[in-house]
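Beneath this line is the structure, given in structure tokens, with notes to follow.
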Amino acid sequence: MQTKRTIFSNKRLPYLLLAPQLVITLVFFIWPALQAVKSSFEREDPFGFKTTFIWFENYTRILQDAAYLNSLGNTAVFAVSVTVLSMGLSLLLAVCVNRVMRPGRIYTTLLVWPYAVAPVVVGILWWFMFNPSIGFIPYILRGFGISWNHRIDGNQAMLLIILAASWKQISYNFLFFLAGLQSVPNSLTEAAAIDGAGPFKRFWTIVFPLLSPTTFFLLIININYAMFDTFGIIDATTSGGPAQATNTLVYKVYADGFVGLNLGSSSAQSVILMLIVIVLTVVQFRYVERRVQY
Amino acid sequence: MVENRPLLDFLTHLVLITGVAIVAFPVYVAFIASTHGTGAFVSGVMPLLPGTHMVENYSMMWNEGLTSAGAPPLWVMMFNSLWMALIIAVGKIAISITSAYAIVYFRFPFRVLAFWMIFITLMLPVEVRILPTFKVVADLGMLNSYAGLTLPLIASATATFLFRQFFLTVPEEIMEAARVDGAGPLKFFRDILLPLSRTNIAALFVILFIYGWVQYLWPLLITTDSNFYTIVMGIKRLAASADAEPLWHYAMAAVMMAMLPPVLVVIFMQRLFVKGLVETEK
């Protein structure tokens, strides 16, 4: 691994410099992670007196559990919908801002601030707008003969968390798409225009293929976001309900561990989540090594 | 612009204005709600035009809070949030910049191992190790304390990578010149490397401040004493009780206050914010 050509020769100083970070990493990251792996192979009796080693029983049990498979399905639907909806809207907005030149900066400011809104606050904002008794949107929908009640209807609850989570992520995707668009050389689009290609044809045949590294990167980031950073949104809007319709993997770890106090099952779920994060991180880093030229 | 197409220009602006409106609407509705009195939410649809109770709602929430919902005054929760966000941002930057310095400017046994240990933290977001981390914090007696709120979130692989990346681009000659002039490692770090990293530190600070401010799950688990509630987690209680009885005006006043500081940071430090966002993800 790279260092400087000339280095300092102190023997103890580098350890001192690293110590705070490593101590925190060991105590609050690696140790708890190992504990999770350990207790995922154990069963604790109801009073916490005795733990027995049971190999993969926790895993086989959750993988056969209908509630777990249901939350796996929910997570997939949720992650794919949020990614597609949010990236689609952001790309449209970024293309527009890239087109308008000067006023683009004002539009950018007006579009990026939701990045700073906490997920749980996002959840409350959307929950308020869609509140079945006084909400503005249910009121409008009633005019069209649709009755909205996400407390009863699982599909509507899922739609609500998808909308809220996508809304928050627009700002992030927008910034990266805009940066990607701005790095497409003008000479290419100009040459295509001289050859008679209209704006839409230019976008799909030249700009969009050149954006593919950004698109791929955002794909991974968005899946990661939808899986792990949306706890607050779900907790504030639906709390996993109605009837588990919006229970995602991360929410279930919390619900089973803290509310249900099922240590072994919750740990096994944590370990599965860690494996998912590891896969996502590896994909992201292998790809990033190619994108960024060091 | 490549060619002049007035119709397309018009459409572009139409799309953008619609986009801005969609982004702003949920917050507009919340703001309007925070300016009304109790009567506005009893029946029918929520109001869409400002009311006249703005000052009293905000001052009531700021000074007294909502005891019926178990929520302390907003100023207490805002102070806790600010404190937590600052400790996390400063702490992450401090431990990351020294780690990166050690990894780039020294050669010592276990250097690569240390690097990989830091890298692993990327793969362990707090959401996947909730229960065991909670147990560690409880065993250390750090429930209901600022240490418990911040320490488990403070290790940062991304910040360490960012500084490492930046240090590698600092010209070798600077270090050689400093050595010739007799500067030791600490003097070189303080007088040369830190000033050079100023923009990077500022950009990272903006991102990490927001990261710290919006934390929800962790404070929810760690704090049972209302003196340590952060505003982002306190809001959940307010909203839950607002749904039971029509207290939306109070809950939404708290929502507005919870959004204000980080949103202002993004708007007024947009250049640093964008730089921080793009660089930490590399």
Side-chain angles (χ1 to χ4, degrees), chain A residues 1-8 10 13-14 17-18 20-22 24-25 28-29 32-33 35-36 92-93 96 99-100 107 109-118 120-121 124-126 129 134 136 139 175 179 189-190 193 199 228 231-232 236 250 254 257 266 270 273-274 277-278 281 292, chain B residues 2-3 8 12 15-16 19-20 23 26 29-30 41 45-46 95 98-99 101-102 104-108 112 114 117-118 121-125 127-133 136 151-152 154-155 168 172 175-176 185 210 214 216-217 232 236 239 255 258-259 262-263 266-267 270 274 277-278 282:
Chain A
M1 201 172 49
Q2 229 174 327
T3 46
K4 290 291 182 182
R5 204 169 53 229
T6 44
I7 48 158
F8 291 108
N10 304 49
L13 186 63
L17 290 169
L18 274 167
Q21 174 103 300
L22 291 185
I24 288 175
T25 304
F28 295 109
F29 288 74
Q35 288 295 309
L92 177 67
L93 291 169
C96 289
R99 220 188 110 78
V100 299
Y107 283 123
T109 308
L110 291 173
L111 288 170
V112 297
W113 59 266
Y115 177 85
V117 181
V120 61
V121 172
I124 288 173
L125 290 175
W126 282 80
M129 274 206 306
I134 60 161
F136 177 67
Y139 176 77
L175 274 175
T189 39
E190 276 162 20
F228 298 100
F231 174 85
V250 166
Y254 163 79
S266 175
S270 287
L273 280 177
M274 277 181 222
V277 187
I278 288 172
T281 316
V292 185
Chain B
V2 181
E3 74 240 280
L8 203 59
T12 309
V15 167
L16 284 173
V20 168
V23 165
V29 172
F41 307 98
V45 69
M46 60 175 68
I95 66 174
T98 54
S99 309
Y101 181 53
V104 174
Y105 281 92
F106 296 85
R107 257 176 236 146
F108 52 94
V112 177
M117 268 178 61
I118 297 169
T121 59
L122 260 192
M123 305 186 182
L124 301 169
E127 282 78 7
V128 308
R129 55 185 167 90
I130 315 172
L131 211 56
T133 316
V136 169
L151 278 181
I154 239 170
L168 288 173
E172 299 268 356
M175 160 87 166
E176 281 157 13
I210 296 170
V214 304
Y216 171 66
L217 175 58
V232 168
K236 177 70 197 316
V255 162
M259 274 191 288
V263 168
V266 168
I267 290 175
Q270 197 181 326
V274 173
L277 198 62
V278 173
K282 263 203 275 213

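In what follows, every heavy atom counts, from backbone to side chain, and hydrogens, waters and symmetry copies are set aside. Every chain is numbered from 1 and lettered A, B, ... according to where its sequence line falls, protein lines coming before strand lines. If you're wondering where the values come from, they're calculated on a predicted model, not measured in any experiment.
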Open item on the list: I want to check something: taking the side chain as every heavy atom from C-beta on, are A:P114 and B:V23 in contact at a cut-off of under 4.5 Å?
Closed with: yes
TODO: Among the options B:M175, B:E176, B:M259, pick out the one with the most heavy-atom pairs lying under 4.5 Å from chain A.
DONE: B:M175
- [ ] Select, from A:A118, A:P20, A:P32, the one with the greatest count of heavy-atom pairs under 4.5 Å involving chain B.
- [x] A:P32
Task: Under 4.5 Å from any heavy atom of chain A - which part of B:I210 - done: side chain
TODO: Using modelled atom types only, decide if a donor and an acceptor are shared between the side chain of B:R129 and the backbone of A:Q35 within a distance under 3.5 Å.
DONE: no
Task: Min side-chain heavy-atom separation A:V250-B:L217 under 4.5 Å - done: no
TODO: Examine whether an atom of B:P152 lies under 4.5 Å from a heavy atom of chain A, and if so say whether it belongs to the side chain, the backbone or both; otherwise answer neither.
DONE: both
Open item on the list: What's the separation between atom CD1 in B:I118 and atom CG in A:L22, rounded to the nearest 0.5 Å?
Closed with: 5.0 Å
Task: Within-4.5 Å side-chain heavy-atom neighbours: B:Y105 and B:P185 - done: no
Task: When B:I267, B:V274, B:L124 are compared by non-hydrogen pairs under 4.5 Å with chain A, the top option - done: B:L124
Open item on the list: If we count only N and O atoms by modelled type, under 3.5 Å, do the side chains of B:T98 and A:Q21 hold a donor and an acceptor together?
Closed with: no
TODO: Measure the shortest side-chain to side-chain distance between A:V120 and B:Y216 over non-hydrogen atoms and say whether it is less than 4.5 angstrom.
DONE: yes
- [ ] Sort A:T281 into side chain, backbone, both or neither according to what part of it lies under 4.5 angstrom from a heavy atom of chain B.
- [x] side chain
- [ ] Could you tell me which of B:V266, B:I154, B:T12 has the largest number of non-hydrogen atom pairs under 4.5 Å with chain A?
- [x] B:T12
Task: Contact class of A:A179 relative to chain B, heavy atoms under 4.5 angstrom - done: neither
TODO: Can you tell which part of A:L175 gets under 4.5 Å to a heavy atom of chain B, answering side chain, backbone, both or neither?
DONE: side chain
Open item on the list: Tell me which of these, B:V263, B:L122, B:V255, has more heavy-atom pairs under 4.5 Å with chain A than the rest.
Closed with: B:V263
